[in-house]
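Inspection log for the structure reproduced underneath, given as structure tokens.
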Number of protein chains: 2
Amino acid sequence: MTHMSSSAYKCEDVKQLSQLFKLLAEPSRLKILCGLGLECRPVSDIVAQTGLSQTNVSFHLRVLREAGLVRPERCGSFIYYCLPDAALLDLLEDWKAWVGRQAEVDG
Amino acid sequence: MTHMSSSAYKCEDVKQLSQLFKLLAEPSRLKILCGLGLECRPVSDIVAQTGLSQTNVSFHLRVLREAGLVRPERCGSFIYYCLPDAALLDLLEDWKAWVGRQAEVDG
DNA sequence: TACTCATATGCGTCATTATTCATATGAGTA
DNA sequence: TACTCATATGAATAATGACGCATATGAGTA
């Protein structure tokens, strides 16, 4: 316990947080999330929008669904997906802003 | 262009953002970043603190360094690493808060 | 120079995971 | 029931990335 600081060692829940980031780290998944925005869209729309294969979209939607990052809603033979929490988009925006600032600094 | 909305399609820079998240998705790397906090520490300290092997720490530090997420500073035979931007910690805190809230909601 | 300590790097291996193909489920409709 | 469309799933493959071992670099010191 020599140089314990107030700022360090704050991430007890590194595991939980890294799992979340892993979900967002997949370009296809991030594209799906961002593409959804605040709207609900059927899978076929997501497929068309992202250009990914239907199989692949379904795969990633399952991952996101099981993590609670998207919520499915059946409507007829369609299944609509949407973000359960708008705050997620704000967080993503914060990172984008940060990345933008970093890019300025680094050149 | 049938149902283009204001909220969707906002992530032009999905690739850049997902690369950043990929860096943070590695538990070891996240541990290193969080462990650093606002301080500068030599590699040997990071090794001791994280319990990771020296090789592995160096490996991850390189990844983080090349991405601009840590900055090295030579001091004698030691190389100190620190975060170049304190805002990074705030962003991580925001996510932790969000994850906490999600956990409440989901049960 | 020779020696030590701190850190970095090349290489091989193992584990994880994204992707595709083919097929199954499940709702709607005739 | 049979048929179609929307979505999900299983199996196989391919790509990525983390980790350890051995070794190299580079600074300090005698």
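Just so we're clear, the structure is a prediction, and the values are computed from it rather than from any experiment.
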Next on the checklist: Whether B:Lys96 and B:Glu93 form a salt bridge (side-chain N of Lys/Arg under 4.0 Å from carboxylate O of Asp/Glu) is what I want to check.
Outcome noted: yes

Expressed in angstrom and rounded to an integer, what is the separation of [X] atom [atom1] from [N] atom [atom2]?
{"X": "B:Leu64", "N": "C:dA8", "atom1": "CG", "atom2": "P", "value": "12 Å"}
{"X": "A:Glu66", "N": "D:dT9", "atom1": "CD", "atom2": "C1'", "value": "12 Å"}
{"X": "B:His60", "N": "C:dA8", "atom1": "NE2", "atom2": "P", "value": "13 Å"}
{"X": "B:Glu26", "N": "D:dA18", "atom1": "CD", "atom2": "P", "value": "5 Å"}
{"X": "A:Phe59", "N": "D:dA12", "atom1": "CZ", "atom2": "P", "value": "16 Å"}
{"X": "B:Phe21", "N": "D:dT16", "atom1": "CZ", "atom2": "P", "value": "21 Å"}
{"X": "A:Leu24", "N": "C:dA18", "atom1": "CG", "atom2": "P", "value": "12 Å"}
{"X": "A:Arg65", "N": "D:dA8", "atom1": "CZ", "atom2": "P", "value": "6 Å"}

[X] side chain vs [Y] backbone, donor-acceptor pair below 3.5 Å:
{"X": "B:Ser58", "Y": "B:Thr55", "value": "no"}
{"X": "B:Arg65", "Y": "B:Val70", "value": "no"}
{"X": "A:Arg29", "Y": "A:Leu23", "value": "yes"}

Counting only side-chain heavy atoms from C-beta out, which of [options] sits nearest to [X]?
{"X": "A:Arg62", "options": "D:dG20, D:dA8, D:dT9", "answer": "D:dT9"}
{"X": "B:Ser58", "options": "C:dT9, D:dA18, D:dA6", "answer": "C:dT9"}
{"X": "B:Asn56", "options": "D:dC19, D:dT7, C:dG10", "answer": "D:dC19"}
{"X": "A:Ser77", "options": "C:dT9, C:dG28, D:dA8", "answer": "C:dG28"}
{"X": "B:Tyr81", "options": "C:dA18, C:dA8, D:dA8", "answer": "C:dA8"}
{"X": "B:Lys22", "options": "D:dA8, C:dT19, D:dT16", "answer": "D:dT16"}
{"X": "A:Phe78", "options": "D:dT9, D:dT7, C:dT19", "answer": "D:dT7"}

Item to check | Polar pair under 3.5 Å, donor/acceptor by atom type, side chain B:Gln54, base C:dA8 | outcome: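 Answer is yes: a donor-acceptor pair is held.
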
Next on the checklist: Is there, by distance only and without an angle test, a donor paired with an acceptor across the side chain of A:Thr55 and the base of D:dA8 below 3.5 Å?
Outcome noted: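 No such pair is found, so the answer is no.
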
Checklist entry - How far does the helix from C:dT1-D:dA30 to C:dA30-D:dT1 bend, going by the axes of its first and last five pairs, to the nearest 10°? => result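 Result, rounded to 10 degrees: 20°.
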
Item to check | Minimum side-chain heavy-atom gap B:Leu24-A:Leu24 below 4.5 Å | outcome: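 Contact flag for B:Leu24/A:Leu24 side chains = no.
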
Checklist entry - Is any side-chain heavy atom of B:Pro27 closer than 4.5 Å to a side-chain heavy atom of A:Lys15? => result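 Answer no - side chains too far apart.
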
Checklist entry - Would you call the rings of B:Trp95 and B:Trp98 parallel, tilted or perpendicular, where under 30° means parallel and over 60° means perpendicular? => result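 Perpendicular: the ring planes of B:Trp95 and B:Trp98 meet at over 60°.
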
Next on the checklist: Side-chain heavy atoms nearer than 4.5 Å, only ILVMFWY residues, links allowed to pass through others: does that put A:Leu52 and A:Phe78 together?
Outcome noted: no

Checklist entry - Quick one: is D:dA6 close enough that its OP1 or OP2 comes under 4.0 Å of any side-chain N or O from A:Arg74? => result no

